[in-house]
There are 2 protein chains.
Amino acid sequence: MAQTNGCPDCQRINEVLSRVGDRWSVLIVISLAQYGVLRFNELKRHLGISQRMLSLTLREMERDGLVSRTYYPTIPPKVEYALTPLGDSFREPVTAIGLWALENLPNIDSARARYDEDAEKEPKSA
Amino acid sequence: MAQTNGCPDCQRINEVLSRVGDRWSVLIVISLAQYGVLRFNELKRHLGISQRMLSLTLREMERDGLVSRTYYPTIPPKVEYALTPLGDSFREPVTAIGLWALENLPNIDSARARYDEDAEKEPKSA
DNA sequence: CTGCATCCGCCACGATACTG
DNA sequence: CAGTATCGTGGCGGATGCAG
């Protein structure tokens, strides 16, 4: 285990991140923010996520009060998911991350290419 | 793999998140943002992370151009890590998430408690 | 002190099949 | 369509040992 943790903030941030910081939660928030309301399979297709993870993630998010679940007991069942106010407030920082990600992917890629090239050229010598 | 992913944005965001979205990267960014420059063991102690993960994460982050590594070939070796401009730009959205997290942890907790209580009361009946 | 390599447990996640 | 249950695997992440 890891201890000697001298940074309580890190612990708490870590805690929250392990709750809502996973990639699927983030993508679900983004999707719902874009479309407002989505059905189970719409989300599934949109995100390219397995049913299992989608189901689990949605339940956790519902539990955490980030999304609302509306079940229509029709013959072909229909369930709609949407952001709650809390989820909507989460949308803002998440969007910031998303935008940063989209903007800086090229930077990361080029930094990587550079790093790899250098590493290849200088495996030893000066 | 599984997809039929109809959302290219999700793919790209996903991609970036799998690069810099892990918990250790985030915490390292936060730490470096706070202290400016930190040595290997300082980070290790501060975060409560194993050497292995710290080493791996730092190398990845250096590769991705998020942190800079300065090696002093003194007799007791000394290595300093700091944020690059790219890493620093990442700090902003990360901080936004961090703040939101700290503010809304109580909300999530209470939402959870409510959810769990309801689920306990209605495991079956109407 | 800084770091890499190895071994290994653990669980997160995906694939599949089944129910309502 | 929406979801659960089961199983198998990859890899995350910790512990240890070694090297410069």
Side-chain angles (χ1 to χ4, degrees), chain A residues 1-5 10-11 14-15 17-28 31-32 37-63 67-82 115 119 123-126, chain B residues 1-5 10-11 14-15 17-28 32 37-63 67-82 119 123-124:
Chain A
M1 234 343 211
Q3 65 309 14
T4 336
N5 195 327
C10 291
Q11 292 178 329
N14 203 331
E15 189 181 346
L17 287 177
S18 32
R19 295 185 179 200
V20 294
D22 65 290
R23 106 171 95 272
W24 293 129
S25 296
V26 169
L27 291 177
I28 287 174
S31 295
L32 290 180
V37 175
L38 288 174
R39 299 181 56 175
F40 187 86
N41 273 347
E42 287 176 334
L43 274 169
K44 180 170 175 298
R45 279 191 301 270
H46 189 67
L47 299 177
I49 181 180
S50 63
Q51 305 91 348
R52 181 188 143 84
M53 285 317 296
L54 181 55
S55 186
L56 290 176
T57 306
L58 282 173
R59 202 190 309 147
E60 276 307 298
M61 293 177 73
E62 186 195 358
R63 190 161 104 109
V67 304
S68 64
R69 191 188 113 112
T70 312
Y71 177 72
Y72 300 91
T74 54
I75 280 308
K78 174 175 159 186
V79 182
E80 289 182 343
Y81 292 91
Y115 182 94
K124 215 36 190 312
S125 72
Chain B
M1 261 320 206
Q3 63 263 67
T4 344
N5 193 327
C10 290
Q11 291 179 328
N14 203 332
E15 191 178 346
L17 288 178
S18 34
R19 295 185 180 200
V20 295
D22 64 289
R23 122 169 78 271
W24 293 129
S25 297
V26 170
L27 292 178
I28 287 173
L32 290 180
V37 175
L38 288 173
R39 298 181 57 177
F40 187 85
N41 272 347
E42 288 175 334
L43 274 169
K44 180 170 175 298
R45 279 192 300 271
H46 189 67
L47 300 177
I49 181 180
S50 64
Q51 305 157 325
R52 180 187 140 87
M53 287 316 296
L54 181 55
S55 185
L56 289 175
T57 306
L58 281 173
R59 202 193 313 149
E60 277 307 298
M61 291 177 74
E62 185 195 358
R63 191 160 101 108
V67 303
S68 64
R69 191 187 111 114
T70 313
Y71 175 72
Y72 300 91
T74 54
I75 281 308
K78 173 176 157 186
V79 184
E80 290 181 342
Y81 294 90
K124 212 43 190 305

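Proteins get letters first, then strands, A, B, ... in listed order; numbering begins at 1 in each. What you see below is based on every heavy atom in this structure, not just the backbone, and it leaves out hydrogens, waters and symmetry mates.
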Fill in: Nearest listed nucleotide, side chain of A:Arg59, among D:dT4, C:dC4, D:dC1
D:dT4

Fill in: Nucleotide nearest B:Ser50 (side chain, heavy atoms from C-beta), chosen from C:dC4, D:dG14, C:dT2
D:dG14

Worksheet item: What is the distance from CG of A:Leu47 to P of D:dA2, rounded to the nearest Å?
Response: 14 Å

Item to complete: Could you check whether A:Tyr81 gets within reach of a base, just the sugar-phosphate, or nothing at all, counting any heavy atom under 4.0 Å?
Response: sugar-phosphate

Item to complete: Would you kindly compare B:Pro76 and A:Asp22 by the position of their nearest DNA chain C nucleotide and give the one closer to the 5′ end?
Response: B:Pro76

Fill in: Length of the line joining B:Asn14:CG and C:dG14:C1', which is rounded to integer Å
14 Å

Discussion item. Without decimals, in angstroms, what is the distance between B:Lys78 NZ and C:dT2 C1'?
Written reply: 13 Å

Worksheet item: For A:Ile49 and C:dG14, what is the distance between atoms CD1 and C1' respectively, to the nearest whole Å?
Response: 10 Å

Worksheet item: Tell me: CD of A:Glu42 to P of D:dA2, nearest whole Å?
Response: 8 Å

Practice prompt. Determine yes or no for a side-chain-to-main-chain donor-acceptor pair under 3.5 angstrom, with B:Thr57 supplying the side chain and B:Met53 the backbone.
Written response: yes

Worksheet item: Rounded to the Å, how far apart are B:Leu17 CG and C:dC13 C1'?
Response: 17 Å

Worksheet item: Would you say the side-chain atoms of B:Asn41 pair up with the backbone N or O of B:Lys44, donor to acceptor, closer than 3.5 Å?
Response: no

Fill in: Rounded distance (Å) that lies between atom C1' of D:dC1 and atom CD of A:Glu80
13 Å

Item to complete: Rounded off to whole Å, could you give me the CG-to-C1' distance for the A:Leu58 and D:dC1 pair?
Response: 14 Å

Discussion item. Checking contacts here: which listed nucleotide (C:dC7, C:dG3, D:dT6) is nearest the side-chain heavy atoms of B:Arg52?
Written reply: C:dC7

Discussion item. So, applying side chain to side chain donor-acceptor pair (under 3.5 Å) with B:Tyr72, which one of B:Lys78, B:Arg39, B:Glu80 is it?
Written reply: B:Glu80

Response to the item:
Winner on side-chain proximity to A:Trp24, out of C:dG14, C:dT2, C:dG3, is C:dG14

Practice prompt. For B:Ser55 and B:Gln51, indicate whether the former's side chain and the latter's backbone hold a donor-acceptor pair under 3.5 Å.
Written response: no

Worksheet item: Is there side-chain contact between A:Phe40 and A:Leu58, with heavy atoms separated by less than 4.5 Å?
Response: yes

Worksheet item: Closer than 4.0 Å, any side-chain N/O of B:Ser55 to the OP1 or OP2 of C:dG3?
Response: no

Fill in: Which nucleotide in D:dG13, D:dA2, C:dT2 has an atom nearest any side-chain atom of B:Met53
D:dG13

Response to the item:
Looking only at C:dG3, C:dT2, D:dA2, the nucleotide nearest the B:Arg39 side chain is C:dT2

Practice prompt. Kindly point out which of D:dG13, C:dT2, C:dG3 is positioned nearest to the side chain of B:Arg23?
Written response: D:dG13

Fill in: Nearest-nucleotide 5' precedence on DNA chain D, A:Gln51 against A:Pro77
A:Pro77

Fill in: Of A:Phe40 and B:Leu56, the one whose closest DNA chain D nucleotide lies more 5'
A:Phe40

